[in-house]
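Predicted model only: the values in this text are computed from it and were never measured. Chain naming here is simple, since letters A, B, ... match the order of the sequence lines and numbering starts at 1 in each.
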Amino acid sequence: MSASETSIGTPQRRRPDILPYIAGGLTIFVLLAFLIYPIVTTLANSFAPTGETFGIGTATLDNFQRFLTSSMYQKALVNTIVIGITVTVLATLVALPAAYFVARVEMPFKPLILSLSIIPLISPPFIGAYAWVVLFGRSGIFTYYLQEWFDLQMPPIYGYFGVILAMVLSHFTFVFLFVQGALVAVDPHLEESAKVMGASRLRVLLTVVLPLAIPPMLAGAMIVLIEALGEFGTPAILGGEVYVLSTLMYFQIHGYFNLNAASAIALVNVAITLVAILFLIRINKKRRFVTVGSTTRRAPLHTGLGVKIVANLYVWGLLAIALLPQAVVVFTSFAERWPGTVWPTRFGWGNYVYIFSRIVEPMQNSLILAAIATLACVVFGTLTGYVAERKSFAGKWALDLTIMLPFILPGIVTGVALLVTFNSGPIALSGTALIMVIGYFVRRIAYIYRSVVAAVAQIDPKMEEASTVAGATWGHTMHRITVPLIAPGILAGAIIVFTTLISEMSTTVMLYSARWKTVSIAIYERLETQETAAAAAIGSVTIAVTLLLVLAATRIIGKSMSELFS
Amino acid sequence: MDAQHNIARHTAAPLNFSVRDLTKVFQTPDGPVTAVRDVSFEITGDTFFTMLGPSGCGKTTTLRMIAGLETISSGEIRLDGADFRKKNAFERNIGMVFQSYALFPHMTVFENAAYGLRLRGADGTMVRQRVTETLAMLRLEGLAQRYPADLSGGQQQRVSIARALVYRPGILLLDEPLANLDAKLRVEMRDEIRRLQKTLGVMALYVTHDQEEAMAVSDRIAVFSKGLLMQVGSPYEIYTHPTSLFVADFIGKANFFPVDVDSRDRDMGTALVPGGARFVGLPVVTAANGEAGWFSAPHKGLLMVRPEKMWLSAAHGTKTIDASSVFTGRAVRIQFLGTFVRYLVESPAARGSVIIDLAAFAAGVTEGAEVYFGLKDDGMIFVEAAS
């Protein structure tokens, strides 16, 4: 047997392990080229005279002058701030009771409630907005009956009322899922010890449970605020005369192709967002809790009949209202004739027949672009997430910030930045599929990055060391140990990225070209030409396809839909 | 050819492993911190070598530098002349067992064990033979297709040992491998680890903070304190002849009595107890640097005595012994520990409280009672303050 003894010796001496450096270098290059460079260029160009690029000698504040002189600009600025804050506050207020009820009251169908709550997140945003027109517009269904039966006059849906209503109902889910998850996870020992010390039920709620829900609530509110400040679809459809910064940017580019003016608006938009985020972070900093869960036991649920009735009414009522737009979209898609009457005069599959030949290409485009961008996010998000969690190095905060940057940038700003940077010059990409993929990539890489950071933190680093000591190179350890273990995390992130990209609007609207129209653009175009029913049909198909994909994916990785999004 | 024979054959020419002036400096936000300073030792053949010390003493950092998981600030590590500094961790051909076991949760027991073999390009037949053989040695037959999550803590630890041994590494490194097991299993496993190590003839480097465990398994023990290697020796040597107050105190129990240096001749000396008694011909040890705080002025010496090298009796009636070598004190606690009885005695003559182990209860001594106690003739060490 001595032959076999000698055949297993020391692992061969290999070349120096350079793979980590190649991977790291490539990642840094990608981040610099497609993230830092466009954003810096855009911000610089907002100081350049119209039609030029930034130069020290020619720097000017002309592009910002409209904020001082044009009342339209000033109003848009005020509108953006007012709508952003109102939507955030209302969405939080609406979501909190629902989160508490679902987490702490005995209710049937909880998984279904959680799954339904994410539907607003994955449907095309503006189609939902348009559904409100169908309901509450000048000739809307509700408007008609309210007038007819109660002689009530609805406020006009176009403007503040519509924009805020639509945005609150499509965004409250963030706060809902975050707070609900946190309340379920709170160590019951905390509440028990408060009770043992003599605190009443209400006192425990006010002094222990709710304070613990504040950090996740603020985290959710922050996402709502960022989304609300950068939202394009809803104000574009429902804004009417009420302009916000994102719609102004769109006009500057699609109306006048004035990149410098758009850059200036983008800069102002980013500044508002940053101020808002810093404010929220500041509040949150004062509340750092370490809740070390020592038990997997759950807090006891309320079982009182009164509480159960209230909870069920509230939660199902909220879901019914939030899902109303989706229902209306599906309903409208079957309306073959709707000649200005209250109800459609003929129903049928006609709209689907009509759009069938027209939806194949945009759907194909959406899926292809989303898939490629998701793949890129997976590769680079995984690498950066791994490095950020495992290694300590100077400038780690810079990496973190770089990745998270597009997360806090309004999507339309990212679109403008890429358009401005790659419109001409050494790398001209405007009008290509590549620029859209890049836009999607930088917008969504943070999701994968976050997922991977969380997943890697769960893995004992000793496991990787055990692999290394056993004779594995860095690449082998990544391939056989690390990546398989974090795969569920990566996959969960990838599903969110992919499904939210299928109907992405804010960045797409800046970057698409005739050859690369996506489903969201197809819907938008139908809406602009008053082909409401056709738009609804495309929207219904998109929602159905996205839901199917999410369901299939959740089956594969064994997580529930709501777990993915929180 | 049977498995045992095959494994025994592996015992190759005795290895020579050496660590010289090993130093590790960590850069922290508060400036550099030296975790390990100028550590040197040498191990040969199938020695079971243990690095022992309280947490933060540098023992684990030293082990990790040997494994290649931590960079070396200065110094060298050699195995049979080969410079470890020039090798990546994955080229050093070592086996390592972790406190957290670090089993790969997505692989079966078999695949965990086979991991290192596959990396070495072993073919399917050899992988199957070796893994089966090794799992059998660790009494894991029948568990090969299980996943780590389905195993008990003890079984997981066996798998991690199997994984580290299956490719016959040059050295086996064990980083507090028993810390997560319960007390009874810990004793069982430590004997088993030593039995395996001797059967396979593999050099072992073991890290623990448990001095009893170290004494039980080791051929040689290296005692660490604050990044310094304080003493290396067999368990008997470091217990009976500690070369510093730290080692005397850390290994087993020890009592310390402030004394004066009466006379001193090379490594022998005479200690003068404040009460007047004189102990002649004691081995003298000079305290390590930084141990000046142990001495209470004006006394420049300490007498170190193990609890089992002391006697104790009730304070009344015993007047036959030379009064100058008898201390008085108060028994504050009496612990019956099965094979012996431990008395904790408060006395102004000692530094801290005195521990006295007797084979049986001392007649007439109750908690709170006044007692006489003193030193037996042997087993004393005279520690002199560093000048």
Side-chain angles (χ1 to χ4, degrees), chain A residues 1-21 296 390-397 455-491 556-558, chain B residues 1-3 5-7 9-10 12 27 64 66-70 79 82 86-107 111-123 125-127 129-130 148 160 163-164 166-171 173 175:
Chain A
M1 286 306 288
S2 63
S4 71
E5 293 293 342
T6 49
S7 67
I8 298 182
T10 316
Q12 283 176 348
R13 178 108 172 88
R14 298 173 181 88
R15 278 169 287 119
D17 210 3
I18 53 169
L19 201 55
Y21 300 100
T296 50
R390 271 289 184 267
K391 312 282 177 202
S392 56
F393 50 90
K396 193 167 169 174
W397 61 270
V456 171
Q458 300 291 316
I459 300 178
D460 184 358
K462 297 274 192 310
M463 232 173 297
E464 290 162 20
E465 293 180 355
S467 168
T468 306
V469 167
T473 55
W474 181 82
H476 191 95
T477 301
M478 279 300 270
H479 171 61
R480 289 297 311 280
I481 308 297
T482 315
V483 170
L485 288 176
I486 60 175
I490 300 177
L491 215 60
I556 295 170
I557 61 170
Chain B
M1 194 176 292
D2 73 347
H5 180 57
N6 184 14
I7 289 153
R9 271 179 52 87
H10 176 69
Q27 299 302 331
R64 290 173 59 80
I66 293 168
L69 299 173
E70 207 74 75
L79 181 65
K86 292 203 180 113
K87 289 186 172 185
N88 282 316
F90 57 80
E91 298 162 339
R92 295 186 184 191
N93 196 32
I94 47 185
M96 189 156 178
V97 178
F98 297 87
Q99 177 178 345
S100 55
Y101 318 140
L103 295 180
F104 307 135
H106 58 308
M107 297 183 187
E111 282 307 316
N112 264 284
Y115 191 75
L117 282 177
R118 296 203 198 281
L119 280 166
R120 284 161 178 74
D123 60 45
T125 330
M126 156 150 301
V127 168
Q129 182 206 333
R130 273 293 182 80
S160 86
R163 183 178 65 184
V166 75
Y167 48 87
R168 306 289 181 269
I171 317 174
L173 307 181
D175 186 5

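- Going from atom CZ of A/Arg480 over to atom CD of B/Glu111 covers 6.5 Å, rounded to the nearest 0.5 Å.
- What you find for B/Phe90 and A/Ala472 is that their closest heavy atoms are CB-O, 3.2 Å.
- Only the side chain of A/Leu485 comes within less than 4.5 Å of a heavy atom in chain B; its backbone stays farther off.
- Side-chain contact between B/Met107 and A/Ile481 is present, with at least one heavy-atom pair separated by less than 4.5 Å.
- A distance of 8.0 Å separates CG in B/Leu119 from OG1 in A/Thr477, rounded to the nearest 0.5 Å.
- Here the shortest heavy-atom pairing between A/Ala470 and B/Arg120 reads O-NH1, 2.5 Å.
- Across A/Met463 and B/Ala102, no two heavy atoms sit closer than the pair CG-O, 3.5 Å.
- The contact between B/Leu69 and chain A is made entirely by side chain atoms (from C-beta outward), counting heavy-atom distances below 4.5 Å.
- Proximity to chain A involves both the backbone and the side chain of B/Phe104, based on heavy atoms less than 4.5 angstrom apart.
- The NE2 atom of A/His476 sits 10.0 Å away from atom CZ of B/Arg118, with the distance rounded to the nearest 0.5 Å.
- Contacts of B/Arg64 with chain A are made by side-chain atoms alone, with heavy-atom separations under 4.5 Å and no backbone atom involved.
- Of all the heavy atoms in B/Gly95 and A/Val469, the pair that sits closest is C-CG1, 4.2 Å.
- Neither the backbone nor the side chain of B/Leu173 comes within contact range of chain A, judged by heavy atoms closer than 4.5 Å.
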